[in-house]
Amino acid sequence: LDRSELGIVRAVANREAAVSEADRLPAVEGSGYWLRAFGASASIAVPILDERGIAVGVVSAALDVPPDRREAARSEIEWAA
């Protein structure tokens, strides 16, 4: 879990949803590259926690939603996870 620039790593490490915004990430590599390649403006990663609070997985979605809709999208992804 040493790649803290990745949303899925931050979600697990912090045990909470992590939003990555394409325009704040390098365009030539990593998440910034892939978000742009998929036409997404952001990704939202949500950890799946067991009854003890231990992360057992992560759900992540790349979305093209405006900033004012990201909180609602995060809530929907958390509910689905």
Side-chain angles (χ1 to χ4, degrees):
L1 297 176
D2 60 342
R3 298 279 313 268
S4 62
E5 75 276 11
L6 299 175
I8 60 172
V9 173
R10 287 194 325 271
V12 168
N14 298 327
R15 292 179 176 72
E16 64 184 16
V19 176
S20 299
E21 298 176 345
D23 61 355
R24 294 180 181 218
L25 297 168
V28 296
E29 64 183 8
S31 296
Y33 171 82
W34 287 108
L35 287 172
R36 289 173 180 86
F38 289 120
S41 59
S43 67
I44 302 171
V46 177
I48 300 170
L49 306 176
D50 69 10
E51 63 279 350
R52 298 167 295 158
I54 304 295
V56 295
V58 180
V59 173
S60 182
L63 308 166
D64 188 25
V65 295
D68 64 333
R69 288 275 306 132
R70 289 187 187 145
E71 180 61 27
R74 182 196 57 77
S75 294
E76 291 173 23
I77 294 167
E78 283 182 322
W79 180 83

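One is the number of the first residue; the rest follow in order along the sequence.
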Determine the minimum heavy-atom distance between [X] and [Y], stating which atoms define it.
X     : Y     : answer
Ser20 : Leu35 : O-CD1, 3.9 Å
Val12 : Ala55 : CG1-CB, 3.7 Å
Ala18 : Gly7  : CB-O, 3.5 Å
Ser60 : Ser43 : OG-CB, 4.4 Å
Ala17 : Glu78 : CB-OE2, 3.8 Å

Is a donor on one side and an acceptor on the other found under 3.5 Å between the side chain of [X] and the backbone of [Y]?
X     : Y     : result
Arg36 : Ala22 : yes
Asn14 : Glu16 : no
Arg10 : Val19 : yes
Arg15 : Leu49 : no

Would [X] end up clustered with [Y] when hydrophobic side chains under 4.5 Å apart are linked, directly or stepwise?
X     : Y     : result
Val9  : Ile44 : no
Ile8  : Ile48 : no
Trp79 : Val59 : no

Gap between atom CG of Leu6 and atom OG of Ser31 - 0.5 Å precision =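 The OG atom of Ser31 sits 4.5 Å away from the CG atom of Leu6.
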